[in-house]
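By convention here, the first residue in the shown sequence is residue 1.
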Amino acid sequence: DTDHWSAEAVEFTVARELFQGVDDTHFDPEGTLTRAMVVTVLWRLIGAPRVDHAMTFVDVGPGTYYLDAVGWAFAQKLVSGYDAKTFAPNDTITREQLVTILWRFAEMPGSSGARLDFADADTVSEYALPALLWATGEDYFAPVEGLLQPKTPATRAQTAQLFMNFLCW
């Protein structure tokens with residue numbers, strides 16, 4: 001839908017083959033993404049390199065579309081999994097997980113004195129705090145109705161907008 005608030009970001013990410021639609025004619029902007037999908041987007045961004053990886057995740061098996069992407073993200077320390085054996089590739093990614101992965105991809109820049117002045121700032125996980133400070137301070141990450149909603153699943157539209165903001169600003 002060209003009238004959707006995220007149309008420009010969707011077009012931007014699809015044109016660069018970072019994202020694909022859910023089929024040939026639909027993007028599903030309000031749909032969610034999995035953890036595997038997000039690391040695959042970043043992996044595509046750097047050219048989808050082949051990597052030798054030694055992961056311990058038992059839930060990332062051979063033949064999956066995301067095997068190399070997760071292996072690359074793990075080797076780059078962008079993701080660590082829920083524990084040493086569980087990446088949970090099919091779990092819906094939360095807004096704070098998404099921003100944290102992107103922050104790590106950006107090599108963990110500082111937040112330039114930003115503050116999280118949002119009513120739900122106290123619900124941010126400790127690991128995600130520096131990432132959200134950075135992303136909100138740089139205007140990469142947009143609150144929803146004035147809230148961070150860190151534990152809420154990230155929509156495809158929000159993710160496309162975050163990536164476009166990060167790549168263009």
Side-chain angles (χ1 to χ4, degrees), residues 1-22 26-49 66 69-70 72-74 76-82 88-89 91-169:
D1 179 5
T2 57
D3 291 332
H4 193 273
W5 67 265
S6 68
E8 181 184 6
V10 169
E11 184 177 322
F12 177 90
T13 54
V14 170
R16 285 156 182 80
E17 297 181 357
L18 301 177
F19 282 29
Q20 298 174 350
V22 294
H26 297 92
F27 185 78
D28 189 22
E30 299 309 317
T32 57
L33 296 107
T34 65
R35 292 166 49 81
M37 288 175 182
V38 169
V39 295
T40 300
V41 169
L42 287 171
W43 178 68
R44 287 179 184 152
L45 178 64
I46 63 149
Y66 48 80
V70 173
W72 166 80
F74 179 74
Q76 298 300 311
K77 296 183 171 61
L78 305 181
V79 296
S80 57
Y82 291 133
D91 279 8
T92 301
I93 196 158
T94 66
R95 289 168 50 87
E96 71 180 3
Q97 289 171 342
L98 171 65
V99 170
T100 300
I101 291 170
L102 186 61
W103 174 70
R104 290 174 181 158
F105 178 79
E107 300 180 353
M108 302 184 291
S111 61
S112 303
R115 293 181 23 183
L116 289 180
D117 290 327
F118 301 93
D120 62 344
D122 63 336
T123 66
V124 173
S125 297
E126 187 175 332
Y127 76 86
L129 187 57
L132 281 163
L133 283 164
W134 165 75
T136 56
E138 295 294 329
D139 290 328
Y140 295 152
F141 182 77
V144 176
E145 298 176 3
L147 298 172
L148 293 170
Q149 299 182 356
K151 309 283 192 264
T152 302
T155 68
R156 292 171 56 83
Q158 291 166 349
T159 305
Q161 187 68 54
L162 175 66
F163 275 83
M164 186 179 84
N165 293 350
F166 172 72
L167 293 170
C168 291
W169 291 348

Below 4.5 Å, heavy atoms only, C-beta onward: do W43 and P49 meet side chain to side chain?
-> yes

I46 versus F105: any side-chain heavy-atom pair under 4.5 Å?
-> yes

Close side-chain approach of T92 and T34, heavy atoms under 4.5 Å | no

Could you give all pairs that pass the salt bridge (Lys or Arg N to Asp or Glu O under 4.0 Å) test and reach residues 159-169, with sequence neighbours left out?
-> none

Can you list every pair that meets salt bridge (Lys or Arg N to Asp or Glu O under 4.0 Å) and has a residue in residues 8-22, with sequence neighbours left out?
-> none

Atom CG of L98 and atom OG1 of T32: how far apart are they, to the nearest 0.5 Å?
-> 12.0 Å

So, for A106 and P109, which heavy atoms are closest and what is the spacing to 0.1 Å?
-> O-CD, 3.4 Å

T13 vs L167, side chain to side chain contact (heavy atoms under 4.5 Å, CB included): CA-CA, chis, key distance, verdict | CA-CA 10 Å; T13 54; L167 293 170; over 6 Å; no

Compare all side-chain heavy atoms of T159 with those of V41 and state whether any distance is below 4.5 angstrom.
-> no

Note, F19 side chain near F27 side chain (heavy atom, < 4.5 Å) = yes

Taking only residues two or more places apart in sequence, or in another chain, which ones meet D117 in a salt bridge (Lys or Arg N to Asp or Glu O under 4.0 Å)?
-> R115

With a 4.5 Å limit on heavy-atom distance, are the side chains of F163 and L42 in contact?
-> yes

Quick one: which residue pairs count as a side chain to side chain donor-acceptor pair (under 3.5 Å) with a foot in residues 130-144, not counting sequence neighbours?
-> none

Any salt bridge (Lys or Arg N to Asp or Glu O under 4.0 Å) pairs touching residues 157-169, not counting sequence neighbours?
-> none

Here the gap from T155 atom OG1 to I93 atom CD1, rounded to the nearest 0.5 Å, amounts to 12.0 Å

If only atom types and distance count, is the side chain of R44 paired as donor or acceptor with the main-chain N or O of L18 below 3.5 Å?
-> yes

With sequence neighbours left out, the residues meeting side-chain contact (heavy atoms from CB on, under 4.5 Å) with A9 are A160, Q161, M164

CA sep, side-chain torsions, deciding dist, call: L133, L116, side chain to side chain contact (heavy atoms under 4.5 Å, CB included) | CA-CA 6 Å; L133 283 164; L116 289 180; 3.7 Å; yes

What pairs with Q149 under side chain to side chain donor-acceptor pair (under 3.5 Å), at least two apart in sequence or on another chain?
-> none

When you look at L78 and W72, which way does the side chain to side chain contact (heavy atoms under 4.5 Å, CB included) test go after all the steps?
-> CA-CA 9 Å; L78 305 181; W72 166 80; 3.4 Å; yes

Is any side-chain heavy atom of V124 closer than 4.5 Å to a side-chain heavy atom of L148?
-> yes

CD of Q158 to OG1 of T152, rounded to nearest 0.5 Å, is 8.5 Å

For residues L102 and V38, determine if any side-chain heavy atom of one lies less than 4.5 Å from a side-chain heavy atom of the other.
-> no

Side chain to side chain donor-acceptor pair (under 3.5 Å) with D28: which residues, sequence neighbours excluded?
-> none

Y127 side, atom OH; S80 side, atom OG - distance, nearest 0.5 Å = 9.0 Å

Please test R95 against L132 for side chain to side chain contact (heavy atoms under 4.5 Å, CB included), starting from the C-alpha separation and ending with a verdict.
-> CA-CA 9 Å; R95 289 168 50 87; L132 281 163; over 6 Å; no

Name all pairs fulfilling the salt bridge (Lys or Arg N to Asp or Glu O under 4.0 Å) condition that reach into residues 144-169, sequence neighbours left out, sorted by first residue then second.
-> E96-K151

The side-chain contact (heavy atoms from CB on, under 4.5 Å) partners of P130 (sequence neighbours excluded) come to W103

Residues that R35 engages under side chain to side chain donor-acceptor pair (under 3.5 Å), provided they are two or more places apart = none

Who passes side chain to side chain donor-acceptor pair (under 3.5 Å) against Q20, sequence neighbours left out?
-> none

